Amino acid sequence: MAKQEKYAITPTREEDYPQWYQQVIKAADLAENSPVRGCMVIKPWGYAIWENIVRNLDHLFKETGVKNAYFPLFIPLSFLEKEAEHVEGFAKECAVVTHHKLEKGPEGGLVPAGQLAEPLIVRPTSETIIGDSFSKWIQSYRDLPVLINQWANVVRWEMRTRLFLRTSEFLWQEGHTAHATREEAIERTKMMLDVYARFAEDYLALPVIKGRKSTAERFPGAEDTMCIEAMMQDRKALQAGTSHFLGQNFAKGSDIKFQTADEKESYAWTTSWGVSTRLIGGLIMTHGDDDGIIVPPRLAPSHVVLMPIIKKVDDTSKILEFTESLARELRETDYHGMKISVEIDNRDVGSRGWDWIKKGIPLRVEIGPRDLADNSVFVGRRDKSHRDKTSVKRDAFIQLVPEMLDDIQKNIYEKALSYRKQHTTPINEKDEFYRYFTPENLDKPEIHGGFAMSHWCGDSECEEKIKNDLSVTIRCIPIDSKKEAGKCLCCGKPSGHRVVFAKSY
C-alpha cells in the first residue's frame, strides 16, 4: 500500500474547504477573531500583506491623478436619508451611535448617557459625507475633475462572518470622483476597473473577468456597476473589486453643482470604486494548498527566509557570518522597485521549515556545514513540493533570486488561470444548468460546478428564480463577451449574449 501523503493543514481542501480556509489563516498567523463579535485582529504577517496591497495599489491610483484624503468615521443620519435608494441598500447593515458618553448606572455598571440630537452612522461607505465636502469644494467647471481616494475602515453589521471575506469591520479604500460630463465620469469608471484588473493579475496573480453587474446586483443608487470576478478553488466566485458610475444621483442628493463654461448651472457626474481586505481572502483561496498559504512574491511580507543549520558548536560563527553576509547582499538586490526582503530564522526547532511553508514565504534557504564548504545554499520554492530543493552556488543564487520570484509569480497565476478555464462551461439547457449547480455529494454543499456561461434574457424575474432555486447569481456580464443569439436558459426568451453564473462569497 502506498504511503499516504501528510499535509500541514488539517482538514485538506478536499475534506472540508471552509474549515481548511480557517486553518490556513491560523497556521499562517494572519488573523484571529476579536472579542467584538464579527470583527478580526489582523496579525503582523497578515497586515504586512495588506500594507503591500496598499502601497502598490496606491501607486497605481496616483498614476491616474488621484489624491488621498480622509473623511469622518461618523455620518449624520440625515446625510444618508438624502439618497433613498442608497440608504435602503445599507440600512440593515448600519451600526448606529445614539449616545455620546457613559456614566455609572444605579447598579454600579456603566450605562449610556447624553443622547445625541441626531443619530450618527458608523460609515458603511462614504458617498454621502464626501458628497457634502464636494458640494463645498466645487463651484465652477474649473474645479473639476475632483479625484479623491481614502484608505479607511468601514462597518457593515454582518450576521454571518468569516475572516477577511466578510467581517463587521474591515479595511478598504474608497475612491470618489466628480466630473463635468457624463462621458468623463464613465471613462473614469472604466479606468479604475482596469486598474483593479491590472493589480489583481500582476500583483495578486489572480485571473479575473471584467464585467458589468445586472440591475439587481448594482451598488445602491448607481446607474452602472462594473466589477472583476475571480474563481476560488471551491469554484465559487469572489467579487474582487467594483467601480460604480453614479450618474448625477448622489450629486443631486448632496447638492454638488457647478457653473459650466457657458455659465449654466449643472450637477456633477460622480463615480466611486473600492477594494478591501477581502483581497487577502481571495489570495488564500486562489493560491493556498494543503500545506498553507502561498503568497505572490510581489505582495510577500518577506521574499526569502535563511535558515542556518548548526550541528557543531565550532561551526556556529562561520555559518552565522555566512548567513548574515548573504542577507546583506540580498537586501541590496532590486525587485520591481523595492529591495528583496529577508528573514533570518536561527531557531533550533525542527518545525521552522514547516512554519515558513505554512506562512507562504516564496523562497526557503538552508545553510549547513556542507553548503558552507561548497559556498552554496539549499533552496526550496513555495510553488513546488516541500521535498523539491536544489543546491545553488551562493553568488548565482543572489543573481537568480529576482528571476525565481518572477517565475513563482507567473506559475501561480497560470495555475489559477488553468483552473478557472477547466471549470468554466457554456451551458444552454435549464436541466443541465440545474444539475451543474446541484452538489453530487449533499454532505459537501460547497462543491459544485464552477462558472456557467449561459444566456439570459435580461429579465430580473428569471435572475431571481435562479437565485432562489440554486443560490446562484449573475456574477457579471463580461465586457469582452461577443454578441451571440440564443435563448434564456430560464424562460426561453431571446438573448443576445452569455453571462457568468456562479455561487459566490
Side-chain angles (χ1 to χ4, degrees), residues 9 21-62 68 70 73 122-123 149-156 158 161-175 196 199-200 202-206 238 240-241 274-288 292-305 331 335-345 352 355-364 382 405 409 412 505:
I9 305 300
Y21 173 81
Q22 300 290 351
Q23 292 304 315
V24 167
I25 292 173
K26 181 179 179 180
D29 211 25
L30 298 175
E32 64 188 19
N33 289 307
S34 81
V36 181
R37 183 189 172 280
C39 297
M40 63 178 170
V41 175
I42 305 176
K43 301 178 82 171
W45 191 255
Y47 196 78
I49 295 173
W50 177 244
E51 285 181 310
N52 286 339
I53 289 172
V54 171
R55 178 173 57 84
N56 288 289
L57 197 48
D58 195 65
H59 176 73
L60 296 180
F61 290 162
K62 288 173 179 173
N68 286 334
Y70 185 80
L73 173 68
V122 182
R123 64 174 166 231
N149 175 65
Q150 80 163 341
W151 294 95
N153 61 338
V154 293
V155 171
R156 297 181 185 175
E158 296 283 356
T161 59
R162 190 179 299 188
L163 292 174
F164 291 116
L165 293 177
R166 195 171 292 277
T167 50
S168 295
E169 179 195 13
F170 54 91
L171 304 179
W172 80 342
Q173 60 74 211
E174 49 180 315
Y196 287 150
F199 179 78
D202 291 354
Y203 291 84
L204 286 161
L206 189 66
L238 183 80
V275 298
S276 74
T277 38
R278 75 167 12 206
L279 290 178
I280 298 177
L283 184 159
I284 295 166
M285 293 194 295
T286 301
H287 303 308
I293 188 175
I294 299 177
V295 185
R298 295 191 72 175
L299 295 177
S302 294
H303 301 105
V304 183
V305 58
R331 288 169 180 151
Y335 180 64
H336 291 285
M338 57 182 156
K339 301 296 184 182
I340 299 296
S341 179
V342 182
E343 303 274 350
I344 297 177
D345 187 349
R352 63 179 174 171
D355 289 344
W356 289 105
I357 287 171
K358 289 184 282 189
K359 291 171 84 72
I361 199 165
L363 296 172
R364 308 180 313 283
R382 187 59 184 88
L405 295 174
Q409 186 88 20
I412 62 175
Y505 284 94

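Note that the structure is a prediction, hence the values are computed from the model and not measured. One-based numbering along the sequence shown.
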Measure the shortest side-chain to side-chain distance between [X] and [Y] over non-hydrogen atoms and say whether it is less than 4.5 angstrom.
X	Y	result
N149	D58	yes
V122	E169	no
I53	W50	yes
H59	N56	no
I361	V304	no
V342	H303	no
L279	F199	yes
Q22	L163	yes

inquiry  = Does M40 form a side chain to side chain contact (heavy atoms under 4.5 Å, CB included) with S34? I'd like the steps, not just the answer.
reply    = CA-CA 5 Å; M40 63 178 170; S34 81; 5.7 Å; no
Distance-only, no hydrogens or angles: does the [X] side chain make a donor-acceptor pair with backbone N or O of [Y] under 3.5 Å?
X	Y	value
T167	C39	no
H287	L204	yes
Q150	N68	no
Q409	D202	yes
Y47	A31	no

Might you point out which heavy atoms bring [X] and [Y] nearest each other, and give the distance in Å?
X	Y	value
R123	N153	NE-O, 2.6 Å
I293	A28	CG2-CB, 3.8 Å
Y70	A152	CE1-CB, 4.2 Å
G46	I42	C-CG2, 3.7 Å
Y203	L60	CE1-CD1, 4.2 Å
L405	P297	O-CG, 3.3 Å

message = The test is side chain to side chain contact (heavy atoms under 4.5 Å, CB included); show your working for W151 and E174 and say whether it passes.
response = CA-CA 7 Å; W151 294 95; E174 49 180 315; over 6 Å; no
message = Please evaluate residues S276 and L171 with respect to the criterion side chain to side chain contact (heavy atoms under 4.5 Å, CB included), reporting the C-alpha separation (whole Å), side-chain torsions for both, the decisive distance (0.1 Å), and the verdict.
response = CA-CA 6 Å; S276 74; L171 304 179; over 6 Å; no
Starting at [atom1] of [X], measure out to [atom2] of [Y] and round the result to the nearest 0.5 Å.
X	Y	atom1	atom2	result
I280	F164	CD1	CZ	4.5 Å
L283	I294	CG	CD1	9.5 Å
R37	S168	CZ	OG	6.5 Å
L30	T277	CG	OG1	12.0 Å

task = Check whether the side chains of N52 and R298 place a donor and an acceptor atom closer than 3.5 Å, and report yes or no.
result =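 There is no such pair between these side chains.
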request  = Go through the side-chain N and O atoms of E343 and S302 and say whether any donor and acceptor fall under 3.5 Å apart.
outcome  =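 Side-chain D/A pair, E343 to S302: present.
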ask   = Is a salt bridge present between K359 and D355, judged by a nitrogen-to-oxygen distance below 4.0 Å?
value =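 Judged by the 4.0 Å cut-off on N to carboxylate O distance, K359 and D355 do not form a salt bridge.
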task = Using a strict cut-off of less than 4.0 Å between a Lys/Arg side-chain nitrogen and an Asp/Glu carboxylate oxygen, indicate whether E32 and K43 qualify as a salt bridge.
result =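 The answer is yes: the pair qualifies as a salt bridge.
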task = Inspect the surroundings of NE2 in H336 and state if more than 12 heavy atoms from other residues, nucleotides or ligands are less than 6.0 Å away.
result =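 Yes.
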query = Is it the case that more than 12 heavy atoms not belonging to Y505 sit under 6.0 Å from its OH atom?
reply =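 More than 12 within 6.0 Å, yes.
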inquiry  = Classify the ring geometry of W172 against F170: parallel below 30°, tilted from 30° to 60°, perpendicular beyond 60°.
reply    =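 W172 and F170: perpendicular rings.
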ask   = Can you name the one residue among I357, V295, I412, L363 that meets side-chain contact (heavy atoms from CB on, under 4.5 Å) with R382?
value =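 Testing R382 for a side-chain contact (heavy atoms from CB on, under 4.5 Å) against I357, V295, I412, L363 leaves exactly one candidate, I357.
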